Amino acid sequence: MSTAEVSHDRTCRICGGDLDVFLDLGRQPLSDAFVTREGVDDEYFFDLVVARCLGCLMVQLVDEVPRERMFHADYPYRSSGSSVMRGHFEDVARRMLETELTGDDPFVVEIGSNDGVMLRTIAEAGVRHLGVDPSSGVAQSAEQAGVRILADFFEEARAKEIRQADGPADVIFAANTFCHIPYVDSVLAGVRELLSDTGVFVFEDPYIGDILEKGSFDQIYDEHFYFFGASSVTRMAQRHGLELVDVERLPVHGGEVRYTLAREGAREVSRAVEDLLAEEERRRMHTSEPYEAFAQHVHDLRVQLRKVLEDLRATGARVVGYGATAKSATINNFCDITTDLVSVVYDTTPEKQGRLTPGKHLPVEAMSGFREDHATHVLLYAWNHEAEIRANERAFEERGGKWITFFPEVRIS
Ligand code: SAH
Ligand code: TMP
Ligand code: ZN
């Protein structure tokens, strides 16, 4: 399929500065486009190339996939698919209710509310809220959970309409969503428009520092356009009259940071911001060094992973995949993993089951099948949920089954 509609740009999407490309992951399909057998000849591909801006330090993709191709009625990702993540977002909501949302008739807006995993707790508490998410299938699930939804892309024009209809927001929250949005200018203009004078914009996304450290290159895929760090977010906020006032490292999804932005001068800047900025400086994240080392690590991981899988194939082992994650599209397509290496991928999401993984067309089957499968080895694509999954799959280990994980190195355990 043609990629004519993909925009290629060698300048920074945020500041117009020059980009320094450090990794080319090749032709990739859309990570969440699970295909039917009839659809295999009609897949959409783009070039997955990652760069660092020499001006504002933001790590970003070079190619931008049109947003409607990724986020639409059939978008299959359901945030509530992990019990750990359900607990995480319940905590986020409770903390928000106890801190930022204690005033008179508070109002919170979530960008990328998905199936209502966070806002359902806010709705249950009877607090005014609005979830904005263009993927109408997931948005419908949120509505069924009692969450008020606007099924659209958040951007400046939507923010103005929300402000007019509902008044200013005390909190704007976004998890695993802001990094999906190339058009930062419009979103941050919208945030300024919508936020109350003392309100905060809180977002949590995969942390570039963790990605570099682990070599977790599967965080790089169509939907993850930016890879934030304290240094780049500081600069991005400044361009829009906002200020990074707090950061918090999070263990979820393989390592994230929760950033808090406020209007410039509205809040005191926490010590944690200074500390993380200093750490990034110490790690020389403003130079090409860690990115070049990362690219080398990624190429080594590809060689290691292929070797392990090829050796297992030669011994007649049966390897299956666990979790048809969006991330696994990058692993499968960059490492050329085909059904002779991984026979099937098990996943709990009904929308993915009975379909084929993007690009490499591994069949996705319901998790119930895993319990009857005589797999000797499981490639843990959903490695970010390892603790939860291994606790649920003790029986597999008890019968001698082995897990294959791949960050920071390929391991069989
Ligand atoms: N917050 C959830 C969902 C993350 S998936 C979680 O952390 O698990 C990313 C979500 O962002 C998807 O549901 C997608 O539809 C939504 N999204 C993408 N672009 C958006 C935009 N411009 N405005 C609002 N939501 C957006
Ligand atoms: P994520 O890593 O983007 O959150 O995606 C996780 C995928 O793995 C999602 O498709 C659901 C699936 N999954 C399982 O199949 N079993 C599990 O126990 C968990 C936690 C996730
Ligand atoms: Zn830049």
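When reading the values below, keep in mind they use all heavy atoms of this one structure, side chains included, and skip hydrogens, waters and symmetry mates. In this text, all values refer to a predicted model and were calculated from it rather than measured experimentally. Just follow the structure's listing: the first ligand is 1, and inside any ligand the first atom is 1.
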Seminar exercise, completed: In this structure, atom 8 (O) of ligand 1 is nearest to the protein heavy atom S79 OG, 2.7 Å
Exercise. Is any side-chain heavy atom of Y44 closer than 4.5 Å to a side-chain heavy atom of V65?
Worked result: yes
Exercise. If you measure from each non-hydrogen atom of D347 to ligand 2, which part falls under 4.0 Å: side chain, backbone, both or neither?
Worked result: both
Exercise. Any non-hydrogen atom of R78 lying under 4.0 Å from ligand 2?
Worked result: no
Exercise. Is A175 close to ligand 1, meaning an N/O of one under 3.5 Å from an N/O of the other?
Worked result: yes
Exercise. If you draw a 6.0 Å radius around NZ in K402, do more than 12 non-hydrogen atoms from other residues or ligands fall strictly inside?
Worked result: no
Problem set entry | Closest protein heavy atom to atom 5 (S) of ligand 1, given as residue, atom name and distance to 0.1 Å | Y75 OH, 3.7 Å
Exercise. If you measure from each non-hydrogen atom of T348 to ligand 2, which part falls under 4.0 Å: side chain, backbone, both or neither?
Worked result: both
Exercise. For atom 10 (C) of ligand 1, what's the nearest protein heavy atom and its distance?
Worked result: T177 OG1, 3.6 Å
For this session: Count the heavy atoms belonging to other residues, nucleotides or ligands that lie under 6.0 Å from CZ of R411, then report whether that count exceeds 12.
Result: no
Problem set entry | Aromatic plane relationship, F217 with F407 - under 30° parallel, 30 to 60° tilted, over 60° perpendicular | perpendicular
Exercise. Using heavy atoms and a threshold below 4.0 Å, how should the contact between F154 and ligand 1 be classified: side chain, backbone, both, or neither?
Worked result: both
Exercise. Polar-atom distance check: N114 versus ligand 1, any N or O pair below 3.5 Å?
Worked result: yes
Exercise. Is it the case that more than 12 heavy atoms not belonging to R394 sit under 6.0 Å from its CZ atom?
Worked result: no
For this session: Kindly assign one of parallel, tilted or perpendicular to the pair H253 and H385, based on the angle between their ring planes and the thresholds 30° and 60°.
Result: perpendicular
Seminar exercise, completed: Contact region, N392 to ligand 2, non-hydrogen atoms below 4.0 Å, reads neither
For this session: Answer yes or no for M85: is there a heavy-atom contact with ligand 2 below 4.0 Å?
Result: no
Exercise. With atoms numbered from 1 as shown, which atoms in ligand 1 lie under 4.0 angstrom from a non-hydrogen atom of G112?
Worked result: 1 (N), 2 (C), 3 (C), 11 (O), 16 (C), 24 (C), 25 (N)
Problem set entry | R95 and E100 ion-paired at < 4.0 Å | no
Problem set entry | atom 22 (N) of ligand 1: nearest protein contact (heavy atom, Å) | Y183 OH, 2.9 Å
Exercise. Does the N or O separation between S82 and ligand 2 drop below 3.5 Å for any pair?
Worked result: no
Exercise. Counting distance only, does the side-chain N/O of R302 pair as donor-acceptor with the main-chain N or O of F334 below 3.5 Å?
Worked result: yes
Exercise. In terms of heavy-atom contacts, does CZ of R399 have more than 12 from other residues, nucleotides or ligands at under 6.0 Å?
Worked result: yes
Problem set entry | Heavy-atom check, side chain of L380 versus side chain of E386, under 4.5 Å | yes
For this session: Please work out which of the three classes, parallel, tilted or perpendicular, describes the rings of H180 and H224, given edges at 30° and 60°.
Result: perpendicular
Seminar exercise, completed: So for Y322 against ligand 2, with non-hydrogen atoms under 4.0 Å, the contacting part is side chain
Exercise. Taking N or O atoms only and a 3.5 Å limit, does R67 qualify as a polar contact for ligand 1?
Worked result: no
Seminar exercise, completed: Closest to atom 6 (C) of ligand 2 among protein heavy atoms sits T325 CG2, 3.6 Å
For this session: Please find out if less than 6.0 Å separates the ring center of F203 from that of Y259.
Result: yes
For this session: Check if Y77 has a non-hydrogen atom at a distance under 4.0 Å from any atom of ligand 2.
Result: yes
Problem set entry | Ring centers of F396, F370 separated by less than 6.0 Å | yes
Exercise. Mind checking whether Y226 and F178 have ring centres under 6.0 Å apart?
Worked result: no
Exercise. Got the closest protein heavy atom to atom 9 (C) of ligand 1, with its distance?
Worked result: N176 O, 3.4 Å
Exercise. Non-hydrogen atoms of V132 versus ligand 1: any pair closer than 4.0 Å?
Worked result: yes
Problem set entry | Check: T349 N/O within less than 3.5 Å of ligand 2 N/O | yes
For this session: Could you tell me the residue and atom name of the protein heavy atom closest to atom 2 (O) of ligand 2, and the distance to it rounded to 0.1 Å?
Result: K327 NZ, 2.6 Å
Exercise. Just distances here: any N/O of F153 and N/O of ligand 1 closer than 3.5 Å?
Worked result: no
For this session: Write out the residue and atom name of the closest protein heavy atom to atom 26 (C) of ligand 1, then the distance separating them to 0.1 Å.
Result: P134 CD, 3.3 Å
For this session: Please state which part of F203 comes within less than 4.0 Å of ligand 1, counting heavy atoms only: side chain, backbone, both or neither.
Result: neither
Exercise. How wide is the angle at the Zn ion (ligand 3) between SG in C56 and SG in C12, to the nearest 10°?
Worked result: 110°
Problem set entry | For atom 17 (C) of ligand 2, closest protein heavy-atom neighbour | I389 CG1, 4.0 Å
For this session: May I ask which of G81, S80, A382 has a heavy atom nearer to atom 19 (C) of ligand 2 than the others do?
Result: G81
For this session: For atom 13 (O) of ligand 1, grab the closest protein heavy atom and report residue, atom and distance to one decimal in Å.
Result: D133 OD2, 2.7 Å
Problem set entry | Salt-bridge criterion met for R13 and E64 (N-O under 4.0 Å) | yes
